[in-house]
Number of protein chains: 2
Amino acid sequence: MENVDPTARRPRGRPPGFDRELALDKAMRLFWDRGYEAASMDELTVAMGISPSSLYGAFGGKAQLYAQALDHYVAGPGAYVLPILAADLPTRTAFERLYETAAFELTRADQPRGCMVAATETQCSPAAEGVRAAVAERRLQAVRAYEDRLRRGIESGDLAADIDVGALARFLMTVQQGLSVQARDGASREELLAVGRTAMRAWPET
Amino acid sequence: MENVDPTARRPRGRPPGFDRELALDKAMRLFWDRGYEAASMDELTVAMGISPSSLYGAFGGKAQLYAQALDHYVAGPGAYVLPILAADLPTRTAFERLYETAAFELTRADQPRGCMVAATETQCSPAAEGVRAAVAERRLQAVRAYEDRLRRGIESGDLAADIDVGALARFLMTVQQGLSVQARDGASREELLAVGRTAMRAWPET
DNA sequence: CATTTTCCATAACGATCGTTCCGAATATCT
DNA sequence: AGATATTCGGAACGATCGTTATGGAAAATG
């Protein structure tokens, strides 16, 4: 934190007239709900409560705003994933909890449905290819995080050493992606929970 | 078939200068690759080899063209699903084969990657809400087809009568949707096959 | 209070969006 | 041949896209 001290030296000119974090949060929610291309600058500026010139001054442009909104998502509404993987739980329990939490988070009434990363930006115009690639990279990171967690499970002995870590991690991610589509299509929390429980039946015998 | 007879009576005016089915096929591939909104009329007319006026005359407009392209997909590249469900196979074998075939179809070099239905149009501008709803309805139909197949399995005795048909069907569909995202992200055929095999471990004991 | 610096609302930009209009082309029917 | 019917290519439409330029308001410093 900085600049919370009222006596702190402020820069020379007129101070910004909006809360940067709050504006970013509004942008995140619109991108999350609509996707990158379907969220227009007009809608963004209205949602954020700022003018185009302010948006460009503070964030750089639409693509850069999306990138920051994506970070804001991963650090905010999507931040539930890593702590569950990092927690001191049996490996199987960790993924059970991951799906339970996902079922809850993907269907919250106070948020757009689904995940901003899992199943978005799979199609786009050539102009948005950069954004698509950035989101796809996030998905790849998630698979790698799953793999790391599974390897840790093997090391700690609660997962057989001969399992195909890549295949299992990719399967677990596949279910997450499918859950996100289902959530966007209006599936209920209970339905997602049932899907997650069914998926966990694929867990390898120890 | 009709109008294959060369002596058949032609309608009054100038005959169309393009093959309607072929043009629809080209449109389908572009929509399949790009999604509805990211495929522009300009690109569509170029890909189809016709002018905007011909497109409107023959298909009605962009949204109607998409609807017909979606039918064309389901009757064409996406037609592999229903025969597998209808085939006289053990229920479990049917879904094993479905995933094997999906892994093959979703990664064909001569087609856009992924499925045109499974994980597309989950986000869009308000103007395209109708298209989004139409694709979502197709997804719902697929889940229902899975449920029907599972119920048939219970009747024929190769599936326990007390299983949660809805949950299992939805899980199977969830995996299909996730596979489509993976395919679009560049996953290999072998990786998708491995995911499918892993998913089938969730199959209930008989 | 004057000056300096920054912010921001508005308007305008060129490009592209989906759609429509119009004249020329090409067929059949009388 | 002339009238009629249908299609086609291309230009043009209004709307909206993301972005930038302009100019005045606001709040700091000196």
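Every chain is numbered from 1 and lettered A, B, ... according to where its sequence line falls, protein lines coming before strand lines. Side chains are part of it too, since the values below use all heavy atoms of this structure and drop only hydrogens, waters and symmetry mates.
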### Query
Does a nitrogen or oxygen in the side chain of B/S51 sit under 4.0 Å from OP1 or OP2 of D/dG10?
no
#### Entry: N or O in side chain of A/S54 less than 4.0 angstrom from C/dC8 OP1/OP2
yes
Whole Å only: how far is the [atom1] atom of [X] from the [atom2] atom of [N]?
X     : N      : atom1 : atom2 : result
B/I50 : D/dT7  : CD1   : C1'   : 11 Å
A/Y66 : D/dT19 : OH    : C1'   : 20 Å
A/F59 : D/dT19 : CZ    : C1'   : 17 Å
A/L44 : D/dT16 : CG    : C1'   : 14 Å
B/F31 : C/dG18 : CZ    : C1'   : 11 Å
B/R20 : D/dC8  : CZ    : C1'   : 16 Å
B/L55 : D/dT7  : CG    : P     : 13 Å
A/D42 : C/dT10 : CG    : P     : 12 Å

### Message
For a quick check under 3.5 Å, do A/Q182 and A/R113 share a side-chain donor-acceptor pair by atom type?
### Response
no
### Message
Counting primed atoms plus P, OP1 and OP2 as sugar-phosphate and everything else as base, spell out the protein contacts along nucleotides 19-28 of chain C at 4.0 Å heavy-atom distance: B, S or - for each nucleotide, 5' to 3'.
### Response
BBB---BBBB
### Message
Can you tell me how the ring of A/F171 sits relative to the ring of B/F171, calling it parallel under 30°, perpendicular over 60° and tilted otherwise?
### Response
perpendicular
### Message
Can you tell me how the ring of B/Y66 sits relative to the ring of B/F31, calling it parallel under 30°, perpendicular over 60° and tilted otherwise?
### Response
perpendicular
### Query
Under a 4.0 Å heavy-atom cut-off, which of residues 126-137 of chain A touch DNA chain C?
none
Under 4.0 Å between a side-chain nitrogen and a carboxylate oxygen: does that hold for [X] and [Y]?
X      : Y      : value
A/E137 : A/R144 : yes
A/R92  : A/D158 : no
B/E96  : B/R197 : no

### Task
Carefully, step by step, assess A/Y146 and A/F95 under the rule ring-ring contact (aromatic ring centres under 6.0 Å, His included).
CA-CA 9 Å; A/Y146 288 6; A/F95 283 97; 5.4 Å; yes
### Query
Hey, are the side chains of B/D33 and A/Q123 touching, using non-hydrogen atoms and a 4.5 Å cut-off?
no
### Message
Just to be sure I understand the rule, does A/G17 reach a base, reach only the sugar-phosphate, or reach nothing, if contact means heavy atoms closer than 4.0 Å?
### Response
sugar-phosphate
### Atom CG of A/D88: over 12 foreign heavy atoms under 6.0 Å
no
